[in-house]
Protein chains: 2
Amino acid sequence: MSGSKHSNKTIEIGESLKRKGLSVTDSRKKIMQLFMQQKGALSHSDIEKKAGTAFDRVTIYRTLQTFLDKGIIHAIPSADASVRYALCNDDCAPGHHEHQHIHFFCRQCHQTFCLDDIVTPSIGLPRGYQPQEVDVLVKGVCKNCTTAKKS
Amino acid sequence: MSGSKHSNKTIEIGESLKRKGLSVTDSRKKIMQLFMQQKGALSHSDIEKKAGTAFDRVTIYRTLQTFLDKGIIHAIPSADASVRYALCNDDCAPGHHEHQHIHFFCRQCHQTFCLDDIVTPSIGLPRGYQPQEVDVLVKGVCKNCTTAKKS
DNA sequence: TGGATTTTTGCAACTTTGTTGCTTTTTTAA
DNA sequence: TTAAAAAAGCAACAAAGTTGCAAAAATCCA
Ligand SMILES: [Mn+2]
Ligand SMILES: [Mn+2]
Ligand SMILES: [Zn+2]
Ligand SMILES: [Zn+2]
């Protein structure tokens, strides 16, 4: 961290928001930063905890919705009613997400990861079913937790 | 529900609950029946609507939890924070669900179906990741909606 | 079948999560 | 620098989920 008013990263984040057609505000910068710092995905309540009292709950809801709309983040399905979000790294556009990667939920550290290099398989469906999108969620033990245990 | 008349189905449902080691109550019979009548999966609120004022909300929560624990139903992941449930038709045991099938969410009728004949693909993961379970959720247009449109 | 024992239910009170309308503040663009 | 537009904060509300406890029902056994 330099002593100057703006680090490079802050400038980058601001630029990135502008490129998506969004005005640059403290909460958007902060939430974007949280996603960038984070290896795993974040839920609403994760963000609330990490952001502390800095922002109103409502602002977080609205920011997440905006980021979803603009194709900045995507929602990751889960079976426990707690949706998590992660940055889109493909070129997702406003109104259209295009993700081919799968997600991994670690039962040990309870983090969810985007495995960007693992492409979703094509699924053979019964006659009449028209697929538009495939979500794959693998549960197990993640890389970090596996190697941590070994040593 | 406790009249003198018992249909075959009612007896079957009671037997089925007993086999799972559960006592037979009105709410469990009713909720079990709803799942059996239904082609698609049911959310908590679906059940609340269909059951009307017959049961307390809390009873529905507890019944769903019990059915999950006993391996009678399974939870289906979704990206919109509304978990749906469907009957297990494999031999799921208390404490252990074993499902190999995929799920299909129809964007037109908003129903979720178990495609019991479509087996989950095996996914090649990066080194260090240990998979234990694979959930596949395909979104698109279901068979019913496709054929309905054609005619 | 009756009645003690165990289990489940309903209720109330509460927490958490999510939504909406409105006012003030901040950001943007001229 | 200022006017217009957008976002944030606030409050009030609605929906979803949890917990403890007393009443009701189901099970068990003599
Ligand atoms: Mn992802
Ligand atoms: Mn299923
Ligand atoms: Zn892990
Ligand atoms: Zn359909």
Side-chain angles (χ1 to χ4, degrees), chain A residues 5-6 10-11 13-34 42-70 72-73 75-76 78-85 94, chain B residues 1-4 6 10-11 13-34 42-70 72-73 75-85 94:
Chain A
K5 197 174 170 187
H6 292 296
T10 306
I11 292 172
I13 289 175
E15 286 304 314
S16 151
L17 287 168
K18 269 184 195 155
R19 271 196 299 276
K20 290 286 183 176
L22 293 176
S23 40
V24 180
T25 68
D26 286 352
S27 42
R28 286 176 181 169
K29 279 187 289 187
K30 178 64 179 175
I31 291 175
M32 179 77 100
Q33 195 183 44
L34 288 176
L42 294 170
S43 67
H44 174 97
S45 74
D46 291 336
I47 293 171
E48 219 170 318
K49 279 165 207 143
K50 283 177 191 286
T53 58
F55 309 107
D56 194 85
R57 258 165 18 88
V58 178
T59 300
I60 298 176
Y61 282 114
R62 293 200 265 227
T63 301
L64 288 173
Q65 189 55 56
T66 303
F67 282 9
L68 278 175
D69 293 344
K70 292 289 178 177
I72 295 172
I73 59 174
I76 301 173
S78 87
D80 71 336
S82 73
V83 181
R84 270 162 256 257
Y85 306 89
Chain B
M1 281 292 143
S2 52
S4 57
H6 287 297
T10 306
I11 293 172
I13 288 176
E15 286 305 315
S16 150
L17 287 168
K18 269 184 197 153
R19 271 197 299 277
K20 291 285 184 175
L22 293 177
S23 41
V24 180
T25 68
D26 286 352
S27 41
R28 285 174 183 171
K29 278 188 289 187
K30 178 65 181 175
I31 291 175
M32 179 77 100
Q33 195 183 43
L34 287 177
L42 294 170
S43 67
H44 174 96
S45 75
D46 290 337
I47 293 171
E48 218 170 317
K49 278 166 207 144
K50 283 177 192 286
T53 58
F55 310 107
D56 194 86
R57 259 164 17 89
V58 178
T59 301
I60 298 175
Y61 282 114
R62 293 198 268 226
T63 302
L64 288 174
Q65 188 56 55
T66 302
F67 282 10
L68 278 175
D69 293 344
K70 293 287 179 178
I72 295 173
I73 59 174
I76 302 173
S78 88
D80 71 337
S82 71
V83 180
R84 270 161 256 257
Y85 306 89

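Reminder, nothing fancy here: chain letters follow the sequence lines and each chain counts from 1. Both backbone and side-chain heavy atoms feed into the values below; hydrogens, waters and symmetry mates do not.
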d([atom1], [X]; [atom2], [N]) in whole Å:
{"X": "B:Asp46", "N": "D:dA15", "atom1": "CG", "atom2": "P", "value": "16 Å"}
{"X": "A:Asp69", "N": "D:dA7", "atom1": "CG", "atom2": "P", "value": "11 Å"}
{"X": "A:Asp26", "N": "C:dT24", "atom1": "CG", "atom2": "P", "value": "21 Å"}
{"X": "B:Lys29", "N": "D:dA26", "atom1": "NZ", "atom2": "P", "value": "7 Å"}
{"X": "B:Asp56", "N": "D:dC21", "atom1": "CG", "atom2": "P", "value": "18 Å"}
{"X": "B:Leu17", "N": "D:dA26", "atom1": "CG", "atom2": "P", "value": "12 Å"}
{"X": "B:Gln65", "N": "C:dT9", "atom1": "CD", "atom2": "C1'", "value": "17 Å"}
{"X": "A:Leu22", "N": "D:dA6", "atom1": "CG", "atom2": "P", "value": "12 Å"}

Quiz prompt | Presence of B:Thr59 side-chain N/O under 4.0 Å of C:dT9 phosphate oxygens OP1/OP2 | solution =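 Result: no.
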Exercise. Considering just the side-chain nitrogens and oxygens of A:Thr25, establish if one lies under 4.0 Å of OP1 or OP2 belonging to D:dA7.
Key: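 So the side chain of A:Thr25 is outside the cut-off, no N or O lying under 4.0 Å from OP1 or OP2 of D:dA7.
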Quiz item: Is a side-chain N or O of B:Arg28 found less than 3.5 angstrom from the main chain of B:Ser23, in a donor-acceptor match?
Solution: yes
Quiz prompt | Sidechain-backbone polar pair: B:Asp46 side chain, B:Ser43 backbone, donor-acceptor under 3.5 Å | solution =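 Yes, B:Asp46 side chain to B:Ser43 backbone: donor-acceptor pair under 3.5 Å.
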Does the side chain of [X] reach to within under 4.5 Å of the side chain of [Y], using non-hydrogen atoms?
{"X": "B:Ile72", "Y": "B:Leu22", "result": "yes"}
{"X": "B:Lys30", "Y": "B:Lys50", "result": "no"}
{"X": "B:Phe67", "Y": "B:Leu17", "result": "yes"}

Quiz item: Which one, D:dA26, D:dA7, C:dT9, comes nearest to the side chain of B:Ser23?
Solution: D:dA26
Exercise. Quick one: do B:Phe55 and B:Ile47 satisfy side chain to side chain contact (heavy atoms under 4.5 Å, CB included)? Show the steps, please.
Key: CA-CA 10 Å; B:Phe55 310 107; B:Ile47 293 171; over 6 Å; no
Quiz item: Which heavy-atom pair separates A:Tyr85 from A:Leu68 by the least distance, and what is that distance?
Solution: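 Here A:Tyr85 and A:Leu68 meet closest at CE2-CD1, 3.8 Å.
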Quiz item: Using a cut-off of 4.0 Å on non-hydrogen atoms, how would the nucleic acid contact of A:Thr66 be classed: base, sugar-phosphate, or nothing?
Solution: nothing
Quiz item: What one-letter contact string describes nucleotides 16-22 of chain C from 5' to 3', where B marks a base within less than 4.0 Å of any protein heavy atom, S marks contact via sugar-phosphate atoms alone, and - marks no contact?
Solution: -SBBBB-
